[in-house]
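Okay, structure first, notes after.
Numbered from 1 within each chain, the chains take letters A, B, ... in sequence-line order. Source: prediction; values computed, not measured.
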Protein chains: 2
Amino acid sequence: MKKRPTILDVADKAGVSKSTVSLVLQNSPSVRQSTREDVNRAISDLGYVYNRSAAGLRGASSGLIGLIINDLRNPFFTEFAASAQMEFARKGYSTVIANTDEDPGNQAQVIGTMIEHGVSAFVISPAYGGGDNAFDRIEHAGIPTMQVLRQVDNRTGLFPFATHNYAAGGEMATHHLIDLGCRKIAFVGGLKDRPITNERMSGYRTVMTALGYSATTFHGRPSRAFGREMALTIASEHPEIEAAICFSDLVALGMLSGFAEAGVKVGEDFRLVGFDDIEESSLVYPRLSSIRCDTELFGQSAAQAMLTWIVDDIRPPDVKHHDVNLIERQSSVGPDHE
Amino acid sequence: MKKRPTILDVADKAGVSKSTVSLVLQNSPSVRQSTREDVNRAISDLGYVYNRSAAGLRGASSGLIGLIINDLRNPFFTEFAASAQMEFARKGYSTVIANTDEDPGNQAQVIGTMIEHGVSAFVISPAYGGGDNAFDRIEHAGIPTMQVLRQVDNRTGLFPFATHNYAAGGEMATHHLIDLGCRKIAFVGGLKDRPITNERMSGYRTVMTALGYSATTFHGRPSRAFGREMALTIASEHPEIEAAICFSDLVALGMLSGFAEAGVKVGEDFRLVGFDDIEESSLVYPRLSSIRCDTELFGQSAAQAMLTWIVDDIRPPDVKHHDVNLIERQSSVGPDHE
DNA sequence: GAAAAAAGTACCCTTTAGACT
DNA sequence: CAGTCTAAAGGGTACTTTTTT
């Protein structure tokens with residue numbers, strides 16, 4: 001296998017020096033048009049490909065973004081990751097990805113390796129636990145880093161945080177269910193005492209308390225399995241409950257199939273609102289009402305914010321809450337709803 | 001921001017030459033234990049981090065694997081990608097990922113960028129169309145590359161192909177439905193004339209033809225939306241059809257909600273088998289029978305095959321079909337099934 | 001004097017001042 | 001001044017040479 005050509009080969013072929021070739025590669029204005037053409041011809045004749053490692057060594061940015069996700073298999077995070085990656089690609093950046101599977105050990109390991117690769121930035125939806133040493137290493141390496149969707153390190157001056165405005169979403173959903181006549185409303189899913197759980201629950205809590213209704217919560221893993229289980233439990237042991245707001249669509253979809261199994265008609269006997277509005281939610285039956293966090297847009301915005309940080313040196317705000325809105329569908333409004 | 005220390009700084013601090021530091025970093029046996037300790041102490045004192053770009057420049061592998069996926073948001077591919085990525089990470093390799101969204105243009109672009117980054121290997125679930133130029137560029141760059149889940153370039157000697165044994169799965173599912181007494185069985189989903197569609201359909205075709213039953217196919221995008229639509233169509237216009245095998249679980253899940261909407265009891269009035277056995281399929285109601293392609297295991301195996309290729313220089317076989325098996329659940333066997 | 005350990009030194013490919021025409 | 005070129009730098013690797021045992 002013959003080794004690939006370098007700018008030196010290109011320079012020879014084009015009859016110029018390698019500096020000139022380098023200038024052409026960078027679209028420098030200070031090179032004559034005819035020379036540029038000679039060089040470009042040589043480049044395509046030789047099938048030359050740019051070597052970013054060598055460039056990175058000399059100071060240029062590596063063009064690599066580290067994207068670290070706590071649970072890549074969860075469609076909510078998949079959507080975010082895919083969207084951010086594509087936005088980076090559009091701007092010529094490559095994305096090094098890692099799924100940590102909620103394991104701080106994995107997280108620390110991949111962060112270390114990515115630093116070795118010289119990533120220009122990190123976008124992290126972090127795993128909980130494991131202390132701040134991973135973030136400390138990033139700080140030490142001086143790499144621009146955003147926390148997204150989960151805030152684990154509270155130095156937001158150092159690691160800006162971007163997420164959805166969950167509290168507002170919870171309030172909207174609660175008002176919606178109350179407007180439909182529900183009084184006994186539960187909140188289902190989300191591990192106890194997790195910041196994200198508290199945040200997603202806060203709107204519900206606020207409204208229920210303000211109106212003097214009692215709040216009931218069923219904590220648990222934000223999974224389909226837990227949702228299904230809780231639907232069966234509620235159907236058999238808490239028949240007085242009229243409605244639920246779920247920690248995530250995954251939980252709500254689990255409840256949907258649990259209720260189907262138990263013979264409870266969702267949208268009539270029980271009203272349900274999810275959280276995230278993943279694609280699937282508009283396609284199940286009954287269609288799931290959900291607090292829509294436009295994750296595709298969010299992923300794009302996060303990627304853009306990071307790019308303006310590393311390209312134009314404009315930091316994102318310490319904390320940014322993206323708007324959410326409530327999508328009313330059959331699972332709360334009833335089966336006649338379109 | 002102070003620049004990060006280099007092996008030269010480490011060498012100074014430890015009182016050795018940089019060659020020795022390099023040897024320590026590579027765990028070379030030809031360095032005295034005491035020296036090794038001195039060097040390692042210097043490394044942690046200085047907070048030195050290895051610079052892989054510089055290493056890669058001199059010839060060592062970059063430790064970067066390019067993972068290119070046609071539709072990362074599809075849980076089937078997400079599962080594969082996450083699993084392969086984690087296996088690579090376990091062995092110290094970082095994964096550069098790109099979602100091409102079925103666009104050969106995107107695909108060509110990200111392949112180009114990844115070659116510039118000097119990826120050591122490619123694992124590609126390719127987009128259809130767009131000719132072979134992307135693969136030609138890879139060939140020219142001489143980078144070991146596997147096609148997975150979809151074969152687009154037929155030079156499998158150059159680009160080995162690994163996938164599931166879909167044909168066998170289709171046969172199993174068809175026999176299963178016939179054993180349950182069905183005769184009018186349809187195949188639903190999958191774009192016409194796509195190799196993957198033909199492969200997933202082939203087992204069904206083979207068995208139906210062999211037994212003298214007629215085969216009916218409804219082609220379309222492998223999405224929930226299409227599944228839902230077809231369920232409604234079948235319920236209203238083809239009531240004679242007793243069962244269906246779906247191109248993917250996504251389609252089957254769409255049909256499930258379509259039938260729920262139409263009031264058809266799946267597992268009794270209509271028997272349904274999906275393809276892929278994604279996590280969700282075991283959690284919906286009725287639980288979905290599916291041809292299980294153990295994608296997590298497949299992702300691991302593919303990653304391992306690639307690693308033995310680039311590390312031990314042992315090529316994977318040109319074509320490899322991984323075993324699949326049929327998971328019987330309520331949607332085909334009936335609601336009494338566990 | 002041979003083997004082991006450490007040091008010396010090209011070289012990898014590109015960028016970027018600064019020199020040159 | 002415009003356009004090119006020269007040469008050093010950047011962080012490692014690996015072959016060669018020297019110094020220790």
Side-chain angles (χ1 to χ4, degrees), chain A residues 1-40 42-43 46-64 113 115-120 141-142, chain B residues 1-40 42-43 46-64 113 115-120 141-142:
Chain A
M1 196 142 303
K2 56 203 165 300
K3 41 207 281 274
R4 59 198 223 184
T6 75
I7 53 169
L8 255 170
D9 302 317
V10 175
D12 274 1
K13 177 109 182 175
V16 300
S17 80
K18 58 176 181 165
S19 314
T20 306
V21 177
S22 179
L23 291 174
V24 170
L25 288 173
Q26 298 169 77
N27 276 310
S28 161
S30 69
V31 50
R32 206 190 307 134
Q33 187 56 28
S34 63
T35 312
R36 185 186 306 279
E37 279 159 15
D38 291 348
V39 171
N40 282 325
I43 285 178
L46 265 51
Y48 164 79
V49 301
Y50 187 67
N51 182 330
R52 292 200 186 234
S53 303
L57 193 51
R58 187 62 182 119
S61 123
S62 70
L64 244 31
T113 312
I115 293 177
E116 293 183 356
H117 278 292
V119 294
S120 305
Chain B
M1 199 144 297
K2 57 204 164 298
K3 40 207 281 275
R4 58 198 221 184
T6 76
I7 52 168
L8 256 169
D9 302 318
V10 175
D12 275 0
K13 176 109 182 177
V16 299
S17 79
K18 65 171 182 166
S19 312
T20 306
V21 177
S22 180
L23 292 173
V24 171
L25 288 174
Q26 298 170 75
N27 277 311
S28 161
S30 68
V31 49
R32 205 189 307 135
Q33 187 57 29
S34 62
T35 312
R36 183 186 307 279
E37 281 159 13
D38 291 348
V39 171
N40 281 326
I43 285 178
L46 265 52
Y48 164 79
V49 301
Y50 187 67
N51 181 331
R52 293 198 186 234
S53 306
L57 196 49
R58 181 58 206 203
S61 120
S62 70
L64 244 30
T113 313
I115 293 177
E116 293 184 356
H117 278 293
V119 294
S120 306

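- For the pair Leu25(A) CG and dT15(C) P, the computed distance is 6 Å after rounding to whole Å.
- Between the base of dT15(C) and the side chain of Arg58(A) there is a donor-acceptor pair shorter than 3.5 Å.
- Phosphate proximity of dT16(C) to Gln26(A): present, with a side-chain N or O under 4.0 Å from OP1 or OP2.
- Comparing dG12(D), dA7(C), dT14(C) by their nearest atom to the side chain of Tyr48(A) picks out dT14(C).
- In this structure, Gly15(B) reaches the sugar-phosphate backbone alone: every heavy-atom distance under 4.0 Å involves primed, P, OP1 or OP2 atoms, never a base.
- Side chain Ser19(A) to base dT6(D): a donor-acceptor pair is found below 3.5 Å.
- OP1 or OP2 of dT13(D) has at least one side-chain nitrogen or oxygen of Ser22(B) nearer than 4.0 Å.
- Comparing dT6(D), dG10(D), dA10(C) against the side chain of Ser17(A) picks out dT6(D) as the nearest.
- The CG atom of Leu57(A) sits 9 Å away from the C1' atom of dA9(D) (whole-angstrom rounding).
- If you measure from atom CG of Leu8(A) to atom P of dC12(C), you get 9 Å, rounded to the nearest angstrom.
- dT15(C) atom P lies 11 Å from atom CD of Glu116(B), rounded to whole Å.
- Atom CG in Asp9(B) sits about 8 Å away from atom P in dG11(D), given to the nearest Å.
- Among the heavy atoms of the strands lying under 4.0 Å from Thr35(A) are primed sugar atoms or P, OP1, OP2 only; no base atom is included.
- Among the atoms of the strands shown, only primed sugar atoms or phosphate atoms (P, OP1, OP2) are found under 4.0 Å from some heavy atom of Val16(A).
- Interface remark: the Lys18(B) side chain does not form any donor-acceptor pair with the dG11(D) base, using a distance-only criterion of under 3.5 Å.
- Between the NE2 atom of His117(A) and the P atom of dG11(D) there is a distance of 18 Å, given to the nearest Å.
- The Ile7(A) side chain lies nearest to dT14(C) when the options are dT4(D), dT13(D), dT14(C).
- You won't find any donor-acceptor pair under 3.5 Å spanning the side chain of Arg32(B) and the base of dA5(C), going by distance alone.
- Within the nucleic acid shown, Val49(B) comes within 4.0 Å of sugar-phosphate atoms alone, with no base atom in reach, counting heavy atoms only.
- Taking for each of Leu23(B) and Ala54(B) the nucleotide of DNA chain C with the nearest heavy atom, the 5'-most of the two is the partner of Leu23(B).
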